[in-house]
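Right, one structure below, let's go through it.
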Amino acid sequence: LLNLIYLFMKILKNLLPIIFAIILISCQPPVKEEPKVDLTAYNLNLATAQKYFELFSTEDQESQKPLLCPGVTHYSPFLGSEPVKMEGVLSNAKAWMDNFDEISYYDSKWFPGTDESGKPNGSVMTSGNWTAKSIATGNVVKVSSFHTFVFNAKNQIHEVRDYFDASGVMAAAMKTD
């Protein structure tokens, strides 16, 4: 009988850690799969936003027009400025193009925008640097910027917001020694 008890204790001693591990593992919640993120709209809109900036840099305003939704709204980086619609967008862009040459957007990073829940919604955000040469003074200006784009169902820009020190850019462009 003692041998039987001894044998039972030896078996229990070896099985107890295994039983404990099985119980511990079985109590773990199931591993959830990463949610699938659909970036189809973002990728289409990203191409539109990048093309828009490329055409701005080459001062090709006519080719920019089809990328803009007829009801586009632009929020200018100038402090106190009011949002503008299509004619204002084109007028503002032309003013930049008329006053600067060698316009370049570089060191850019592009990101998908999200809705309130954090899911990509097709909008596009970008941060980067602009450089341009003032036609009036020859001064080269550089500025860090952030831009957001919202699109319609036709992948046209419906809303664009620019964030950078526009007044500082103008002051640097007009500075004379």
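- You'll find the ring centres of W130 and F100 outside the 6.0 Å limit.
- Under the 4.5 Å side-chain heavy-atom criterion for ILVMFWY residues, no single connected hydrophobic cluster contains both V150 and M86.
- In this structure, CD on Q61 lies 5.0 Å from CG on L90, to the nearest 0.5 angstrom.
- Residues passing the salt bridge (Lys or Arg N to Asp or Glu O under 4.0 Å) test with K51 are E54, sequence neighbours excluded.
- Under a hydrophobic-cluster definition in which Ile, Leu, Val, Met, Phe, Trp and Tyr are linked whenever side-chain heavy atoms come within less than 4.5 Å, directly or via other members, L46 and V37 are assigned to the same cluster.
- Grouped with F146 in one hydrophobic cluster are F111, M125, Y163, the linkage being side-chain heavy-atom contacts under 4.5 Å among Ile, Leu, Val, Met, Phe, Trp and Tyr residues.
- Distance check, rounded to the nearest 0.5 Å: OG of S134 to NZ of K175 gives 13.5 Å.
- Side-chain atoms of Y105 come within 3.5 Å of backbone atoms of G128 as a donor-acceptor pair (strictly under, hydrogens ignored).
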When you look at S144 and N129, which way does the side-chain hydrogen bond (donor to acceptor under 3.5 Å, both in side chains) test go after all the steps?
CA-CA 4 Å; S144 296; N129 298 295; 2.9 Å; yes
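- N152 places no side-chain N or O within 3.5 Å of a backbone atom of C69 that could act as its donor or acceptor partner.
- One distance of note links NZ of K154 with CG of L67; it measures 13.5 Å at 0.5 Å rounding.
- Summarising the geometry, atom CE belonging to M97 is positioned 6.0 Å from atom CD belonging to E59; distances are rounded to the nearest 0.5 Å.
- Here the shortest heavy-atom pairing between F151 and G122 reads CD1-O, 3.8 Å.
- Every residue meeting the salt bridge (Lys or Arg N to Asp or Glu O under 4.0 Å) condition with K65, not counting sequence neighbours, appears here in chain and number order: E62.
- To the nearest 0.5 Å, atoms CD (E102) and OG (S57) are separated by 11.5 Å.
- No side-chain heavy atom of R161 sits less than 4.5 Å from a side-chain heavy atom of P83.
- Listed for the D115 side chain is no donor-acceptor partner under 3.5 Å among the backbone atoms of N121.
- Grouped by direct or indirect side-chain proximity (heavy atoms under 4.5 Å, Ile/Leu/Val/Met/Phe/Trp/Tyr only), L79 sits alone.
- Between D162 and H147 the shortest heavy-atom distance is OD1-ND1, 2.6 Å.
- Looking at heavy atoms from C-beta onward, L68 lies in side-chain contact with I157 at the 4.5 angstrom threshold.
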When you look at K119 and D38, which way does the side-chain contact (heavy atoms from CB on, under 4.5 Å) test go after all the steps?
CA-CA 9 Å; K119 293 180 183 171; D38 183 9; over 6 Å; no
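- Hydrophobic clustering, with ILVMFWY side chains joined whenever heavy atoms are under 4.5 angstrom apart, groups W110 together with V160.
- K94 is linked by a salt bridge (Lys or Arg N to Asp or Glu O under 4.0 Å) to D98, counting only residues two or more places apart in sequence or in another chain.
- Taking OG of S91 as the reference point, atom CH2 of W96 lies at 13.0 Å (rounded to 0.5 Å).
- F53 and Y75 are assigned to two separate hydrophobic clusters, defined by single-linkage of ILVMFWY side chains at heavy-atom distances under 4.5 Å.
- The minimum heavy-atom distance linking S63 with P66 is given by the pair O-CD, 3.3 Å.
- A distance-only check finds a donor-acceptor pair linking the side chain of T48 to the backbone of N155 [under 3.5 Å].
- Residues K85 and T73 meet the side-chain proximity criterion, which asks for heavy atoms closer than 4.5 Å.
- For S81 (side chain) and F78 (main-chain N/O), a donor-acceptor pair under 3.5 Å exists by modelled atom type.
- Every residue was checked against the salt bridge (Lys or Arg N to Asp or Glu O under 4.0 Å) condition with E33, not counting sequence neighbours, and none meets it.
- Considering all non-hydrogen atoms of both residues, N92 and V84 come closest at ND2-CG2, 3.8 Å.
- Side-chain contact between M170 and V141 is absent, with no heavy atoms from C-beta onward closer than 4.5 Å.
- Residues F149 and T126 meet the side-chain proximity criterion, which asks for heavy atoms closer than 4.5 Å.
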